[in-house]
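First listed ligand is number 1; within each ligand, the first listed atom is number 1. This structure is a prediction, so every number in the text was calculated from the model and none was measured. By convention here, the first residue in the shown sequence is residue 1. Hydrogens, waters and symmetry mates are skipped; everything else that's a heavy atom, side chains included, is used.
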Amino acid sequence: MKDKLEELRQMRANAKLGGGPQRIAEQHAKGKLTARERLDALLDSGTFQELGRLATHNISDFGMADKKYPGDGVVTGFGKIDGRRVAIYAQDFTVLGGSFSEVQSHKVCKIMERAQESGIPVIGLLDSGGARIQEGVRSLAAYGELFVRNVMASGIVPQISVQMGPCAGGSVYSPALTDFIVMVRGTSFMFITGPDVIRAVTGEQVDFETLGGAVAHSIRSGVAHFAADDERHAFRLVKELLSYLPQNNSEDPPRVTPYDDPARRDEILDRLIPGDSSEPYDMRQVISSVFDRASFLEIHAYYARNALVGFTRLDGYPVGVVANQPLHLAGCLDIDSADKIARFVRFCDAFNLPVITFVDCPGYLPGIAQEHGGVIRHGAKVIYAYCEATTPKISVVVRKAMGGAYIAMSSKQMRTDLAYAWPTAEIAVMGPEGAINILYREEIKKAADPAAERQWLLKEYTDKFHNPYSAADMGQIDEVIEPSYTRLRLVMALEILRSKVASNPPKKHGLMPV
Ligand code: HXC
């Protein structure tokens, strides 16, 4: 018995070494932690239960018989973060570049199945050169198995991917099927085909960082939701993100003990909107004044900056917030911001987070590039997402709500539960200049004094539509509120809506415009 125990201890100790001291030193030299060090850094101390530590492959081609490492390049199991259970896997780049194998797939799929059944979020720490080349079609099939698990768990448990090294091929597609991607600046890369292949096929010259670094994916492609400064920062982001999320789609998001007066009034809001309606202001000011102090976790902060999305808290309850940002593109909706908003609203809906929308949007962005890029199809995603969502929805029209944007941005008619407006709201089919030109072109031309006629018509149109009162009169706006009372009104509104029950007609699934 003693010998057997000794043998087990030795095997377990060997498994901890991954690809060996030399490769661990190389990993550290790149500024990266090892898989096990990452688990230690992210999980509550002493909570990790490993599964599959001794699993190895049985491939003998390409010299693989001599390259057997216990665990086969991934550490899998369950642990806790801030006392809450998570399923987690960490790929070990020191073993065959963390490449994804049949054994890796079995291990990861196993914890994902347990997680889905028990309603536990799944976190992947990825550091992998993609499909293990020596395994051929086996490793491709292995990815197929993983993708099915990602898709089946989607909308049931939150899935978070942290990219912690060069990630190619399947190592980017599995994360793309998850809910959030965190990248680490300088050490993580994501691409389908790397710089060498691109050079060979298209002749384009590009380096790893420019092609698939954290900056490229958080600013240009929108693939990454967060760009962390280093690995420890990435873990802080994961913890913060989880703090807003329920464990699964049948639970409510976790409330924190309220620390901010629900009736707090920030009078800055009463002066925030400029007198000239073409002047910008920072919508982040609205968010920071209305919600619990310092509780805004912005998502996609550098991508499609004409829209803001993120999690925040109201009287301790997590909510999702969506807003137009007049500082960029005057807050217009365009292809990228439509994708950003639609994705976020659907996530909130899947995980029972109320959605609060602040509207200041002159409309969809005009332009040939937008039209030919499919702004119709992409813009429709916003409409689809809001219409489909049954989670509590509240909108506040802060300033412009013009034409399609008024309707698309959580309008009352699209199943929004409560619609508020500030007195500065301008709700109309279009701005006064455009409307007057279309409606009265001939009258203005024929007038004795065309300039005066034009001014008079502009004033008439502005008086009628550049306020929230027509919409309030027709019941499209439930209440016109003083800006500094917004926080209290939202706290009270959410108290009503917290027990909301609503559903969609039974169907296999809808056909969201993708
Ligand atoms: C087997 C791999 C591997 C892979 C890396 N290694 N990728 N082994 N299969 N896919 C091994 C290397 O041979 C090396 O082993 C060790 O890992 C470290 O790799 P290096 O190249 O030395 O590291 P680095 O210079 O940091 O470059 C990392 C890398 C590069 C950018 C990831 O290794 C690379 O380009 N790998 C291939 C990427 C790729 O094309 N993968 C296939 C994707 S196809 P030794 O023993 O020599 O040190 C795919 C299909 C999925 O994933 C389909 C889904 C739809």
Which is closest to atom 26 (O) of ligand 1 by heavy-atom distance: Lys30, Glu135, Glu26? Lys30
Only heavy atoms of Leu140, strictly under 4.0 Å: list the atoms of ligand 1 that pass. 50 (C)
One thing to verify: whether Arg199 and Asp196 come together as a salt bridge, which I'm taking to mean a side-chain N less than 4.0 angstrom from a carboxylate O. yes
Under-4.0 Å heavy-atom contact between protein and atom 35 (O) of ligand 1: no
Need the ligand 1 atom indices (1-based, order shown) with element for anything under 4.0 Å from a heavy-atom of Arg132. 9 (N)
Quick one: does NZ or CZ of Arg498 land under 6.0 Å from the six-membered ring centre of Tyr317, within 45 degrees of the ring axis? yes
Does Phe147 have a non-hydrogen atom less than 4.0 Å from ligand 1? yes
For Tyr173, atoms of ligand 1 separated by under 4.0 Å from a heavy atom: 55 (C)
Is the shortest distance from atom 17 (O) of ligand 1 to a protein heavy atom below 4.0 Å? yes
Are a donor atom and an acceptor atom from the side chains of Glu388 and Asn504 found within less than 3.5 Å of each other? no
Can you label the angle between the Phe147 ring and the Tyr173 ring as parallel, tilted or perpendicular, going by 30° and 60°? perpendicular
Among all the protein's non-hydrogen atoms, which is closest to atom 8 (N) of ligand 1, and how far away is it? Leu96 O, 3.7 Å
Closest to atom 1 (C) of ligand 1 by heavy-atom distance, out of Met64, Gln134, Gln22, Gln27, is Gln134
Could you give me the CA-CA distance, side-chain angles and deciding distance for Phe351 and Asp179, then say whether side-chain contact (heavy atoms from CB on, under 4.5 Å) is met? CA-CA 11 Å; Phe351 290 104; Asp179 304 317; 4.3 Å; yes
Under 4.0 angstrom from ligand 1, any heavy atom of Phe189? no
Can Lys67 be said to touch ligand 1, with heavy atoms closer than 4.0 Å? no
Looking at atom 21 (O) of ligand 1, tell me if a protein heavy atom falls under 4.0 Å from it. no
Residue Ala131 vicinity, atoms of ligand 1 by number, heavy atom under 4.0 Å: 4 (C), 9 (N), 10 (N), 49 (C), 50 (C), 52 (O)
Among protein heavy atoms, which lies nearest atom 3 (C) of ligand 1, and at what distance? Ser99 CB, 4.0 Å
Is there a donor in the side chain of Ser128 and an acceptor in the side chain of Ser171, or the other way round, less than 3.5 Å apart? yes
Would Ile133 count as a polar contact of ligand 1, with the cut-off being nitrogen or oxygen pairs under 3.5 Å? yes
Among protein heavy atoms, which lies nearest atom 5 (C) of ligand 1, and at what distance? Gly97 CA, 4.3 Å
Distance below 4.0 Å between atom 47 (O) of ligand 1 and any protein heavy atom? no
Check whether the side chains of Glu37 and His28 place a donor and an acceptor atom closer than 3.5 Å, and report yes or no. yes
Do the two ring centres, one from Phe100 and one from Tyr143, sit under 6.0 Å apart? yes
Atoms in ligand 1 with a heavy atom of Gly169 nearer than 4.0 Å: 43 (C), 49 (C), 52 (O)
Quick one: nearest non-hydrogen protein atom to atom 31 (C) of ligand 1, plus distance? Phe208 CE2, 3.7 Å
Using the side chain to side chain donor-acceptor pair (under 3.5 Å) rule, pick out the option among Lys67, Lys107, Arg132 that qualifies with Asp72. Arg132
Side-chain donor-acceptor contact under 3.5 Å, Gln325 with Asp282: yes
Is the shortest distance from a Lys or Arg side-chain nitrogen in Glu298 or Arg284 to a carboxylate oxygen in the other one below 4.0 Å? yes
N or O pair under 3.5 Å between Arg23 and ligand 1: yes
For Phe93, counting its heavy atoms only, list the atoms of ligand 1 lying under 4.0 Å from any of them. 18 (C), 23 (O), 26 (O), 28 (C)
Protein heavy atoms near atom 50 (C) of ligand 1, is at least one of them under 4.0 angstrom away? yes
Under 3.5 Å between some N or O of ligand 1 and some N or O of Gly170? yes
Considering Gly130, Gly129, Ala141 one by one, which has a heavy atom nearer to atom 32 (C) of ligand 1 than any of the others? Gly129
Are Phe311 and Phe344 an aromatic pair, judged by ring center distance below 6.0 Å? yes
May I ask whether atom 39 (C) of ligand 1 is less than 4.0 Å from at least one protein heavy atom? yes
d(Leu96 CG, Met64 CE) to nearest 0.5 Å is 5.0 Å
Roughly how far, to the nearest 0.5 Å, is the CZ atom of Arg255 from the CZ atom of Arg313? 11.5 Å
Exercise: do Ser221 and Tyr303 side chains pair donor with acceptor under 3.5 Å: no
